[in-house]
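What follows is a set of notes on a single structure, which appears directly below.
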Amino acid sequence: MLIAVLVKQVPDSDEVKMDEEKGTMVRSGVGAIINPLDLHAIECAIDLREKFGGKVRVFSMGPPQAEEALREAVALGVDEVFLLTDPCFAAADTWATAKTLAAAIAKTGPYDLILAGEKATDGETGQVGPEVAVMLGLPFSTYVSQLDIEKDSAVVRRTVEDGVEIQRLPLPCLLTVLRDLNEPSMPTLAGKKKARRFDVVKWDHEKVGLNPEEVGLSGSPTRVVKIFYPKVTREGAFYKGKDLDKGIEHLLKELHSMGVLDGGKDNAEK
Amino acid sequence: MQRSNRSGEILVIGEIREGTLHSATVELTAKARELADRLGTKVTTLLMYDRVDMNVEDLAWWGADVVLCVVGEPFRYFNQEVYTNVISYLIKGRNPQIVLAPATTSGRTYMPAVAAKVHTGLTADCTGLDIDADTGLLLQTRPAIGGNIMATIQTPNHLPQMATVRPRTFPVPKPNRGRKARVEHPDLPGEVFTSSIEVLGKEHQEGMDVNIQDLDVVVSGGKGLKKAENFNLLRELASLLGGGVGASRAAVDNKWISYPHQVGLSGKVVSPKVYFAVGISGSVQHLAGMQTADFVVAINKDPEAPIFRVADIALCGDLFDIVPRIIEKIKEQRGKE
Ligand SMILES: Cc1cc2nc3c(=O)[nH]c(=O)nc-3n(C[C@H](O)[C@H](O)[C@H](O)COP(=O)(O)OP(=O)(O)OC[C@H]3O[C@@H](n4cnc5c(N)ncnc54)[C@H](O)[C@@H]3O)c2cc1C
Ligand SMILES: Cc1cc2nc3c(=O)[nH]c(=O)nc-3n(C[C@H](O)[C@H](O)[C@H](O)COP(=O)(O)OP(=O)(O)OC[C@H]3O[C@@H](n4cnc5c(N)ncnc54)[C@H](O)[C@@H]3O)c2cc1C
């Protein structure tokens, strides 16, 4: 099987601290990691390669520093890595990101399977996977928590709000995955060694085969027109020790005025 | 699709799951009405289903001018390919200027596919929608980076302007029962219903019968709960208030409760009227899932716990003392009524 995995580098959310005065996120000095869900996609791809043979290729679009994420993927055991990097790719929305990734995949394929994370921890749209699939003309599924490859098809369980939907998709297809799919492995010592010397393939817009107008900000239908920080602190009333009774009174009053004290009544009696 | 039509309708994609209309359909229809009145255009709500437990024309009460019904066996279960085909086909014929869908697992699946197909932008998971008074463009506001920043996004040169909207973002107004809508059954070519994806079935799992995203009250427990049985305390409080139980990742990782209950960055985002955080410290990742609640009650024994900074009421003390006292007080109050 030839498998492509889409990997995004994101800020390490474990290190994210808040500037309490401004209510903003402190980004400086924050490390960058592989988007956590993408580790599950990598693990799944490597498992399938072990079972069926073949190759795993990882694609990332990002600034030159994203090379680190790709070396990490090598340490985890993938075979080849492609960094799509070019100043004209900057500030891409999901449409332009998907366009760029799809072009690189089309150029290096055909693949039997393409895997992506369900969403990235920074942009959090979850749109890149489905958009890449449509641009490649492939069927796709999302929220995949279990995958079985049977002959020429993928049988997936997708975890949705009220249950699990089971779908069969023909190969090739694109799947976006959840963390229930597997337990990602740690990089091996040999892997880390290999990663240090590994040749990361870097492609600019010409290599990818797109015009600068089709990518990055100029290729993006959406525009961010304003960024602001939500109020994170509330004017909370604090109760402790002997005051707790007062606090509970206060709480009941609020619950009453919000209508949930009565709203819950029928439900509780059912 | 390049911009061509600034007078087009607002198309709302409804959601019907196994015969039941999702409340987000009503919510989005009402919001679309408000936006359409400012733009001087009409609202069309699209429903795709095999069966439905309501009179679809009633969507007029919340502002639909047209209810488009696409009915058939392919909609027994969700199939992203059929949804994508039907919606893309209708967009090409009707030229809406705005398309809105709920940011449910379904909406977040077919909307990006539709946007890619018709070549336009899509703003994810919006919590605010407005019209720019000068340009008439849709202003789409959404949280990103774990709820730590808000971005307002426009789609200036492409049509339609598309957004998924987080359920329970907008209030649902009282129905205007005198209002009427036209119910239409559009003619669609057979091929939009064909799919390479075969839906083999659906399983309902423990804890998944109630979706905490649909509730007015969510009572969440964390590491401070100490063991699975103690969640019964939260269940009792939740059921008294007509709500459900959520959890931090620490509680889910300890297998005290199942993953569908997890609130946060890698779990669900909830916006209830009241959110209780019980024995939860308030990590950035947890806050990402509950910051948009209207009212937050935090119960924690650590006066420095970060959760207190986002709480409207902070109760500092042992949860095993405080929660039973709240339950008792609620029961007492009930007795009086
Ligand atoms: C505050 C803010 C809000 C934004 N809102 C929107 C919006 O509403 N709509 C919009 O179109 N754009 C938006 N963007 C732009 C968007 O974040 C970027 O296009 C981003 O590169 C991809 O989106 P994502 O992070 O949401 O990825 P997701 O779609 O959440 O990522 C899902 C998966 O796709 C793959 N993937 C994503 N990006 C890459 C990549 N660069 N390389 C390789 N694989 C990748 C990974 O497998 C990942 O797990 C926003 C940007 C900011 C800063
Ligand atoms: C990529 C990533 C994604 C993540 N996604 C999520 C997510 O979606 N959701 C999430 O919740 N977390 C998530 N996390 C984990 C998060 O960082 C925290 O580890 C987690 O939220 C901690 O859970 P907690 O508050 O229950 O536990 P703790 O931080 O251990 O807090 C327990 C609290 O209980 C209090 N307590 C203990 N005993 C009592 C008592 N008897 N009475 C009153 N109070 C008591 C303590 O004072 C403490 O404040 C994520 C982390 C990463 C890196």
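These values consider heavy atoms only, across backbone and side chains, with no hydrogens, waters or symmetry-generated copies. Chain A is the first sequence line, chain B the second, and so forth, proteins listed ahead of strands; every chain is numbered from 1.
Considering only heavy atoms from C-beta on, A:Tyr239 stays 4.5 Å or farther from B:Cys316 through its side chain. Using a 4.5 Å heavy-atom threshold, the side chains of A:Thr94 and B:Leu122 count as separate. Within the 4.5 Å cutoff, side-chain heavy atoms of B:His204 are placed close to those of A:Asp162. Residues B:Phe295 and A:Met258 meet the side-chain proximity criterion, which asks for heavy atoms closer than 4.5 Å. Considering only heavy atoms from C-beta on, B:Met150 stays 4.5 Å or farther from A:Ile227 through its side chain. Looking at A:Phe228 and B:Thr141, their side chains come closer than 4.5 Å, going by heavy atoms from C-beta outward. B:Val274 places a side-chain heavy atom less than 4.5 Å from the side chain of A:Val260. Counting only heavy atoms from C-beta outward, the side chains of B:Glu198 and A:Leu169 never approach each other to under 4.5 Å.
Separation of atoms OG1 (B:Thr123) and CZ (A:Arg223) is listed at 12.0 Å; rounding is to 0.5 Å. Rounding to the nearest 0.5 Å places OG1 of A:Thr142 at 10.0 Å from CZ of B:Arg108. The distance from the CD atom of B:Gln80 to the CD atom of A:Glu165 is 8.0 Å, given to the nearest 0.5 Å. Atom CD1 of B:Ile197 and atom OG of A:Ser153 lie 12.0 Å apart (nearest 0.5 Å). In this structure, A:Lys119 NZ and B:Asp125 CG are separated by 7.5 Å, a value rounded to the nearest 0.5 Å. A distance of 4.5 Å separates CZ in B:Arg325 from CD1 in A:Ile248, rounded to the nearest 0.5 Å.
Salt bridge annotation for A:Arg179-B:Asp253: present, with a cationic side-chain nitrogen under 4.0 angstrom from a carboxylate oxygen. Between B:Lys268 and A:Glu161 there is no salt bridge, since no side-chain N of the basic residue sits under 4.0 Å from a carboxylate O of the acidic one. A:Glu124 and B:Arg142 are not joined by a salt bridge, as no carboxylate oxygen comes within less than 4.0 angstrom of a charged side-chain nitrogen.
For A:Asp245, the parts lying near chain B are the backbone and the side chain together; criterion is any non-hydrogen pair under 4.5 Å. With a 4.5 Å cut-off on non-hydrogen atoms, B:Pro306 does not touch chain A at all. With a threshold of 4.5 angstrom between heavy atoms, A:Ala237 approaches chain B through its backbone and through its side chain. Within the 4.5 angstrom heavy-atom criterion, only side-chain atoms of B:Glu81, from C-beta onward, approach chain A. For a residue to count as touching a neighbouring chain, one of its non-hydrogen atoms must lie under 4.5 Å from one of that chain's; by this rule B:Val297 touches chain A with the side chain only. In this structure, chain A has no heavy atom under 4.5 Å from any part of B:Ser195. For a residue to count as touching a neighbouring chain, one of its non-hydrogen atoms must lie under 4.5 Å from one of that chain's; by this rule B:Gln140 does not touch chain A. Within the 4.5 angstrom heavy-atom criterion, no atom of A:Thr176 approaches chain B. Interface remark: B:Tyr259 contributes side-chain atoms only to the contact with chain A (heavy atom separation under 4.5 Å). Only the side chain of B:Gln213 comes within contact range of chain A, with heavy atoms under 4.5 Å apart. There is no contact between B:Asp214 and chain A, counting heavy-atom distances below 4.5 Å. For B:Phe78, the parts lying under 4.5 angstrom from a heavy atom of chain A are both the backbone and the side chain. Heavy-atom distances place no part of B:Val114 under 4.5 Å from chain A, backbone and side chain included. With a 4.5 angstrom heavy-atom cutoff, B:Asp312 touches chain A via backbone and side-chain atoms both.
Smallest separation of non-hydrogen atoms from B:Ala113 and A:Pro130: N-CB, 4.3 Å. Nearest heavy atom pair, residue B:Thr109 against residue A:Arg158, reads OG1-NH2, 3.3 Å. The shortest non-hydrogen separation linking B:Ala144 to A:Gly123 is CB-O, 4.3 Å. Contact detail for B:Thr105 and A:Tyr143: the closest heavy-atom pair is O-CE1, 3.5 Å. When all heavy atoms of B:Ala151 and A:Val224 are compared, the closest pair comes out as CB-CG1, 4.2 Å.
For B:Asn300, there are no side-chain hydrogen bond (donor to acceptor under 3.5 Å, both in side chains) partners at least two apart in sequence or on another chain.
Looking only at heavy-atom pairs under 4.5 Å with chain A, the residue among B:Asp216, B:Ile212, B:Ile330 that has the most is B:Ile330. Chosen from A:Val155, A:Ile166, A:Leu244, the residue pairing most often with chain B at heavy-atom distances under 4.5 Å is A:Ile166. With chain A as partner, the option from B:Gly317, B:Ala238, B:Ser196, B:Gly121 having the largest number of non-hydrogen pairs under 4.5 angstrom is B:Ser196. Counting heavy-atom pairs closer than 4.5 Å to chain A, the top residue among B:Arg17, B:Lys117, B:Lys273 is B:Arg17. Of the residues considered (A:Val132, A:Leu255, A:Asp243, A:Val225), A:Val225 shows the highest number of contacts with chain B, using heavy-atom pairs under 4.5 Å.
Other residues, nucleotides and ligands place more than 12 heavy atoms under 6.0 Å from the CG atom of A:Asp148. Shown here is A:Glu150, whose CD atom has more than 12 heavy atoms of other residues, nucleotides or ligands within 6.0 Å.
No donor-acceptor contact under 3.5 angstrom links the side chains of A:Thr222 and B:Thr155, judged on distance only.
Ring centroids of A:Trp95 and B:His158 are separated by 6.0 Å or more, keeping the two rings apart.
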